[in-house]
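Step one of this worksheet: look at the structure below.
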Amino acid sequence: MTRRSCAVYGVGIVCAHLLIIGIGLFVAQVFQTVIHNRLKKEITLTEGSRVFETWKNPPPPVFMQYFFFNVTNPDEFLAGAKPFVSQVGPYTYREYRPKENVTFLENGTRVAAYQTKTFVFLPERSVGDPDMDMITTINIPAVAVMNKVKDSFWKSSMVSIWMNSLHVGMFMTHSVNELLWGFKDPLLSRIHPMNPEIDEYFGLMYKKNGSNDGEFVYHTGEGDFMDYGRIARFKGESKLSLWTSEQSNMINGTDGSAFHPLLSKKERLYIFSPDLCRSIFMEFEKDVEVKGLPAYRFTPPRDVLASKEENPANEGFCVSPKECLGSGVLKVSMCKKGAPVVASFPHFYLGEEKYSNAIEGLNPVRDHHQTYLDLNPTTGIPIRASKRAQINILINRISGFPKTKSLNETIFPVMFINETVVIDDTSAAKLQKLLLMVTLVSNFPLIIVGLGAILLLVFICLVVRECKQKTTTKEDTSYSLVSNKEGEEKNGNTYIGMTPIIEKS
């Protein structure tokens, strides 16, 4: 056997081994399992892990935008006309939200932390000066007090007299800053000496700049990667006691800043929101790409705020059978000191049309009012997010208060927020490198198969070439009878050509 033949057979043997090994590794998912197990160990809330520092101090900037609904016809509305509102905003703030007092519990399987939020105004991203821009809206302190005392004839009569003497009406006009961060309310100031628990000041974000929602205890994800970032306790409790069913009082999911790796399009993601006093869920909508990074978009479906008729599981969120609202709204008065606050998506997006039709100037649009989360499916890291929620006040006719005699039950919009975050360039570059490594390791068997396929082509070419060379050699060693009869006759000579006989072994 020649050296050339040995080389051909050697290529064939290597090719066969590469193909068999590569296909076997691919079918068995060996390398993918290895890298996935590595990710599960790396993405945990433990000291030294890949994500721990960014979980404590998130590098991507978070922006909070506030939009207000300015009422342009308050007197006509009180007389029975349809209210007109105009949207004013955004007033944008940079939000800082580091984790503080981080403490490991239960042998490192859980971690406790407080998340302090601080807001800094950004004039370049805002439509005006929050100290100068004035907004006319529902008088929330007055409505809250009237609802609080409506069952007592003497208290309601006293409050009605105070409102008249203080010239307190159903609407109020204040600057954006006052509505957000607080102002001294005349009616609350009158009540405060008799009931010190009632604060003299009111603001939609009063005492929320530089404060936290309470202590969260999270699962680290060491024992089970599916528990990564999941809330174990909030304010020392593993469940709420605000709603009327066990399911509604459950604290499910994460706080929205962390999700387990290796996400599936079929799963339902839960997020606990202290502002809504409940957990909500989100479902996969579509594939998106942000800064070159692949992501799954999860959004809350209509079922989240659907009525009990549309989604029976939501019956537990009814404050009482008489206070069960329609689809798209949620009464949260039990965690707002009894004030008739109603939460919804902006412009009553995903809600019943009767709510948006009752207010002139509302126009729910998916692109502007939908809440969404774009998560990288491999790592579970949020790439882009937008949390949008609206604060409304439930107003109606209240006995003992003549100012409300012309009112019909209306869910009146006051303000909506748009809290957004997009991964920063530095974090995006780091994540791209990580995803490249994961892709290369996961697809290493395919690389082996590719090399085997290339060698297979080389092997086929060598075999074909070898066969052609053998055929050419045989033709070169074959001879036939050679004679020149004319020459032989002339010269009198005879030439005999002979074909050599090759003995066959």
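Not measured: the values here are computed from a predicted model.
- Although no hydrogens or angles enter the test, the distance criterion places no donor-acceptor pair under 3.5 Å between the side chain of E237 and the main chain of F234.
- The aromatic rings of F183 and F202 lie perpendicular to each other, with more than 60° between the two planes, well past the 30° mark.
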>> Please determine whether side chain to side chain contact (heavy atoms under 4.5 Å, CB included) holds for the pair K433 and L436, giving the CA-CA distance in whole Å, both sets of side-chain angles, and the decisive distance to 0.1 Å.
In response: CA-CA 5 Å; K433 290 180 181 178; L436 178 61; 5.6 Å; no
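- Side-chain contact between E222 and Y228: absent, with no pair of heavy atoms (C-beta onward) separated by less than 4.5 Å.
- Using a cutoff of 4.0 Å between basic side-chain nitrogens and carboxylate oxygens, D213 and K235 are not scored as salt-bridged.
- Under the 4.5 Å side-chain criterion, counting only non-hydrogen atoms from C-beta, D199 is not in contact with L188.
- Between the side chain of N252 and the backbone N or O of S279, no donor-acceptor pair lies under 3.5 Å.
- Judged by distance alone, the side chain of E178 and the main-chain N or O of S175 form a donor-acceptor pair under 3.5 Å.
- Side-chain atoms of S248 and S245 form a donor-acceptor pair, as typed in the model, at a separation below 3.5 Å.
- A side-chain donor-acceptor contact under 3.5 Å links T371 to the backbone of R388.
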I'd like a table of donor-acceptor pairs (distance under 3.5 Å, sequence neighbours excluded) in which one partner is a side-chain atom from residues 289-300, with atom names and distances.
from : atom 1 : to   : atom 2 : distance (Å)
K291 : NZ     : I423 : O      : 2.7
K291 : NZ     : D425 : OD1    : 2.9
R297 : NE     : D374 : OD1    : 2.8
R297 : NH2    : D374 : OD2    : 3.0
T299 : OG1    : E285 : OE1    : 3.2

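- The minimum heavy-atom distance linking N392 with A343 is given by the pair ND2-C, 4.0 Å.
- Ionic pairing of E95 and K387 is not present here: no N-O contact between side-chain nitrogen and carboxylate oxygen is shorter than 4.0 angstrom.
- The main-chain N or O of L122 is found under 3.5 Å from a side-chain atom of S126 such that the two form a donor-acceptor pair.
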>> Please determine whether side chain to side chain contact (heavy atoms under 4.5 Å, CB included) holds for the pair L330 and F317, giving the CA-CA distance in whole Å, both sets of side-chain angles, and the decisive distance to 0.1 Å.
In response: CA-CA 8 Å; L330 174 70; F317 293 113; 3.8 Å; yes
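- With no hydrogens or angles considered, a side-chain donor-acceptor pair links S386 and N418 at under 3.5 Å.
- In terms of modelled atom types and a separation under 3.5 Å, the side chain of N139 and the main chain of G169 share a donor-acceptor contact.
- No salt bridge links R230 with D224; every basic N to acidic carboxylate O contact stays at or beyond 4.0 Å.
- Looking at heavy atoms from C-beta onward, K150 lies out of side-chain contact with K148 at the 4.5 angstrom threshold.
- Between R302 and E310, at least one side-chain N (NZ, or NE/NH1/NH2) sits under 4.0 Å from a carboxylate O, which counts as a salt bridge.
- The backbone N or O of A81 sits nowhere less than 3.5 Å from a side-chain atom of N73 that would complete a donor-acceptor pair.
- Between the CD atom in E360 and the CZ atom in F84 there is a gap of 4.5 Å [rounded to 0.5 Å].
- Aromatic ring orientation, Y218 versus F216: parallel (interplanar angle below 30°, classes split at 30° and 60°).
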>> Pair V329, F348 - check side chain to side chain contact (heavy atoms under 4.5 Å, CB included), show working.
In response: CA-CA 8 Å; V329 293; F348 299 110; 3.9 Å; yes
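- Across all non-hydrogen atoms, the minimal contact from S307 to S327 is N-OG, 2.9 Å.
- In this structure, L435 and N376 have side chains that are in contact, with non-hydrogen atoms separated by less than 4.5 Å.
- Within a 6.0 Å sphere centred on CD of E353, heavy atoms belonging to other residues, nucleotides or ligands number 12 at most.
- S189 has its side chain within reach of K184: a pair of non-hydrogen atoms, C-beta onward, lies under 4.5 Å apart.
- Contact annotation: the side chain of N164 never approaches that of I161 to less than 4.5 Å [non-hydrogen atoms, C-beta and beyond].
- Minimum interatomic distance between E215 and A112 (heavy atoms only, all atoms of both residues): OE2-CB, 3.6 Å.
- When each of K265, K266, R268 is paired with E283, the side-chain hydrogen bond (donor to acceptor under 3.5 Å, both in side chains) condition holds for R268 and for no other.
- When side chains are defined from C-beta on, Q115 does not count as touching E100, because their heavy atoms never get closer than 4.5 Å.
- Summarising the geometry, atom OG belonging to S344 is positioned 8.0 Å from atom CG belonging to L305; distances are rounded to the nearest 0.5 Å.
- Residues E246 and K239 are paired through a salt bridge, judged by an N-O separation under 4.0 Å between the basic side chain and the carboxylate.
- A 6.0 Å sphere centred on CE of M132 holds no more than 12 heavy atoms belonging to other residues, nucleotides or ligands.
- Scanning both residues, D255 and I271, for their nearest heavy atoms gives C-CG2, 4.0 Å.
- When atom types are taken as modelled, the side chain of W162 and the backbone of S157 share no donor-acceptor pair closer than 3.5 angstrom.
- Remark: Q87 CD is packed, more than 12 non-hydrogen atoms of other residues, nucleotides or ligands lying under 6.0 Å away.
- Ring centroids of F69 and H347 are separated by less than 6.0 Å, placing the two rings close together.
- The cationic group of R94 does not satisfy the cation-pi geometry with F119, failing either the under 6.0 Å distance to the six-membered ring centre or the 45° limit from the ring axis.
- Between F77 and F412, the ring center distance clears the sub-6.0 Å criterion.
- From Q432, atom CD reaches atom OG of S427 across 11.0 Å, with rounding to the nearest 0.5 Å.
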>> If you apply the rule side chain to side chain contact (heavy atoms under 4.5 Å, CB included), what do you find for Y66 with M205, and how did you get there?
In response: CA-CA 11 Å; Y66 297 97; M205 295 289 291; 3.2 Å; yes
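- Separation of atoms CG (L262) and CE (M226) is listed at 9.0 Å; rounding is to 0.5 Å.
- Considering F121, Y91, Y206, Y93 in turn, Y93 is the only one that fulfils the ring-ring contact (aromatic ring centres under 6.0 Å, His included) rule with W181.
- No more than 12 heavy atoms of other residues, nucleotides or ligands shown are found within 6.0 angstrom of CE on M250.
- Closest approach of W55 to A258, counting heavy atoms only: CD1-CB, 4.3 Å.
- Each of P413, P90, P346 was scored for a side chain to side chain contact (heavy atoms under 4.5 Å, CB included) with F67, with one residue passing: P90.
- The distance from atom OG1 of T44 to atom CZ of F52, rounded to the nearest 0.5 Å, is 9.5 Å.
- A donor-acceptor pair shorter than 3.5 Å can be found between the side chains of N177 and D131.
- Between S238 atom OG and I251 atom CD1 the span is 6.5 Å, to the nearest 0.5 Å.
- Here the side chains of H219 and T109 are not in contact, with every heavy-atom distance at 4.5 Å or above.
- K286 NZ: 12 or fewer foreign heavy atoms inside a 6.0 Å radius.
- The nearest pair of heavy atoms linking S333 to P340 is CB-CA, 4.3 Å.
- Taking the six-membered ring wherever Trp is involved, the centroid distance between the rings of F259 and F225 does not fall below 6.0 Å.
- In the displayed structure, K155 atom NZ is contacted under 6.0 Å by at most 12 heavy atoms of other residues, nucleotides or ligands.
- No donor-acceptor distance shorter than 3.5 angstrom exists from the side chain of S273 to the backbone of R278, with no hydrogens or angles considered.
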